[in-house]
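First comes the structure, then the notes that go with it.
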Amino acid sequence: MAKNNLIGGSIWDEYSQKVQDRMNQPKFMGEFNEEDAKNRNAKLIVADFGAESCGDAVRLFWLVDEKTDTIIDARFKSFGCGTAIASSDTMAELCIGKKVDEAVKITNLDVEFAMRDEPNTPAVPPQKMHCSVMAYDVIKQAAATYKGVSPEDFEEQIIVCECARISLGTIKEVIKLNDLHSVEEITQYTKAGAFCKSCIKPGGHEAREYYLVDILAQTRAEMDKERLKNSTKSDVSFDEMTMVGQLKAVEAVLDAEIRPMLQGDGGDMEIIDIQKAEGAAIDIYIRYLGACSGCSSGSGATLYAIESILQEELSPNIRVMPV
Amino acid sequence: MKVYLDNNATTMLDHNALELMLPYLKENYGNPNSLHQWGSSTHPALRDAMDKLYEGLGASDLDDIIITSCATESINWVLKSAYFDYILDKERDEIIISSVEHPAVSGAAHFLKSLGVKVIELPVNSEGVSNVEHLKEVISDKTALVSVMWANNETGMIFPIKEMAELSHEFGALFHTDATQAVGKIKVDLRQSGVDFASFSAHKFHGPKGVGGLFIKKGLKLTPLLHGGEHMGGRRSGTLNVPYIVAMAEALRIANSMLIFEDSHIRRLRDRLEDAVLSIEDTSVVGDRKNRVPNTILASIKGVEGEAMLWDLNKNGIAASTGSACASEDLESNPIMEAIGAENDLAHTALRLSLSRFNTEEEIDYAATQIKAAAKRLRAISSTYAYNPNNYK
């Protein structure tokens, strides 16, 4: 939040002139029927996407030259706001002259870009980007109908941000490659979450399957685990490490996997000592802190959980002794 | 021609109210709490304004009408302070609201929920109204506060406030009403209604924006939201906004003096516009006309998305709404349409038209013509209205 966001304006002020013109007088609004197709020696394709109950619905008509798989003409009808009408109009125009396989590559970002007056000024306000997504989806539907396949065949990836067409894989990769720590950073790097913001966290105007906050948390946890594995990878096994090495390794596991669990309940722990014991055993003496001190499970379930994690990550010979 | 039909969002400031407030923005600018003559010179106008407010709202001299910045503040004050005064450390832990309250009520209730308060939402009937029967089913001796609007901001439908307040009192619960859309449109007598608290905003009855009030029945406790001064008897701190208070009181006086005009002339214009809208095929209006404030229409025009309709109307000089202006950034469907169980397909087709005494017959006829033209144009574009989806399968 900052000065420019404190007072909302009319969203219509943020529409480009091209959007406004298409809202007022869509150029490709209309329909084709079988007779039109016959007269133009083409195949009629009709595709629907959306529903009135969802607030947006579009019907796309293509006339396709089957010899060349080229869309020779396109029309649309649309139930939706002005942005939906303008987007559908632009989408229909962009389809004309393209082969079906090329048309499938048209995204909502292409549609939005085509409606810009200036290359660097968005054509619609961020919360309206989702209205252009429908244009993308109906093209997939039309292409699938033409080819006799499922629309999902054109979508190999899980899309998290529909507005910016950013996939789950891309977001996770960018977080890892750039060591990102916040949703704002994800948006800076990928544009995911920059538009309608529904994908950032639950509670936006559209429910989403994946949210950036969850992806970030999950990916960070995966990175921590990976880092831990790398840090404990050594030519020397835990049992053969010096006590300083063992202390570092144990601390790394504590920070990554154990402390978050304890701190979530208002507790914590510290290492008092590490000693080689009888046989191969290595005894780690710990002291509970905060809510963990005095907690009855400190000698039961919690202790068992700590010991199990350390044994799994470092050495089966570890024994944990609360002091 | 320009036609303003969004009076449930805000109204034009009445010229007489404006004239009355101007001296207190210019020469009589003193702080009413100051001891010098600049301050004390505002006192007669303030006393006169308070008299008008008490008389106009039917409050007893023993009650409190506290000036606030708006109904949203008043509503938040009632709900949040009820938590401290009547819920926290007490036996009662529930509040009841209707499912079609303004976001000021539902948002504040949602906040209380996060503090552990049980919030119960009353359903509404097909006309969008909660009644005593709905309340009887959920009220109990655990209920601390019932908050139900007097008139709905989107449909204009009037709720049976008096009966619901009586039932609430039988269970020992307090009763608050958001009277924002009722004051100035229908007769509001707070003492006669039996409510404990009532909220209102001046800009809904041709007063200025940024000023409103909260009625608190005699003897009821309510922890202040704002601390730090002794204004308004210590109940609400902040220097009194003299010009706005003066204008609000005058606007209320004028609005009340025109209630008969409201119920005859404006109702007639409203019904004329409603008839015109209903003459469009596949169109409906929510709620019976007789039980609605006289200025409001919530229509549903099948196959026409609400915002697209607003675009066409705005282009032709007509101001309307798809619902609460407070939720204009929210792209969800109209919540009232969903609450009354309207067909899913109609949830995005709501159009709210709200008149005022400044609308003329000529304006209404022009608006009717433009609404019909917009419906025709948008239905020609619509992919859902003209086709049976099976035609192409």
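Numbers restart at 1 for each chain; the letters A, B, ... are given by sequence-line order, proteins then strands.
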**OP:** Evaluate the side-chain proximity of A:W12 to B:L310: yes if any heavy-atom separation is below 4.5 Å, no if none is.
**Re:** yes
Original post:
Is the count of non-hydrogen atoms from other residues, nucleotides or ligands lying under 6.0 Å from B:K118 atom NZ greater than 12?
Top reply: no
Original post:
Quick one: does A:F79's side chain get under 4.5 Å of B:T349's, heavy atoms only?
Top reply: yes
Original post:
What part of A:D56 gets closer than 4.5 Å to chain B, counting heavy atoms only: side chain, backbone, both or neither?
Top reply: neither
**OP:** Answer with side chain, backbone, both or neither: which region of A:Y15 has an atom nearer than 4.5 Å to a non-hydrogen atom of chain B?
**Re:** side chain
Original post:
When rounded to the nearest 0.5 angstrom, what is the spacing between CE in A:M29 and OG in B:S382?
Top reply: 10.5 Å
Subject >> When A:G82, A:A57, A:C81 are compared by non-hydrogen pairs under 4.5 Å with chain B, the top option >> reply: A:C81
Subject >> Between CZ on residue B:R377 and CG on residue A:N24, distance to nearest 0.5 Å >> reply: 6.0 Å
Original post:
Taking atom NZ of A:K99 as the centre, does the number of heavy atoms from other residues, nucleotides or ligands within less than 6.0 Å exceed 12?
Top reply: yes
Subject >> Heavy-atom side-chain proximity of A:M23 to B:I381 below 4.5 angstrom >> reply: no
Original post:
Is B:N314 atom CG crowded by more than 12 heavy atoms from other residues, nucleotides or ligands, each under 6.0 Å away?
Top reply: yes
**OP:** Under 4.5 Å heavy-atom distance to chain B, tell me which part of A:P125 shows up: side chain, backbone, both or neither.
**Re:** neither
Subject >> More than 12 heavy atoms from other groups under 6.0 Å of NZ on B:K376 >> reply: no
Subject >> A:K77 side chain to B:T384 backbone, donor-acceptor under 3.5 Å >> reply: no
Original post:
Measuring heavy-atom distances to chain B, does A:E34 have an atom under 4.5 Å in its side chain, in its backbone, in both, or in neither?
Top reply: neither
Subject >> Distance (rounded to the nearest 0.5 Å) between B:S383 OG and A:F49 CZ >> reply: 12.0 Å
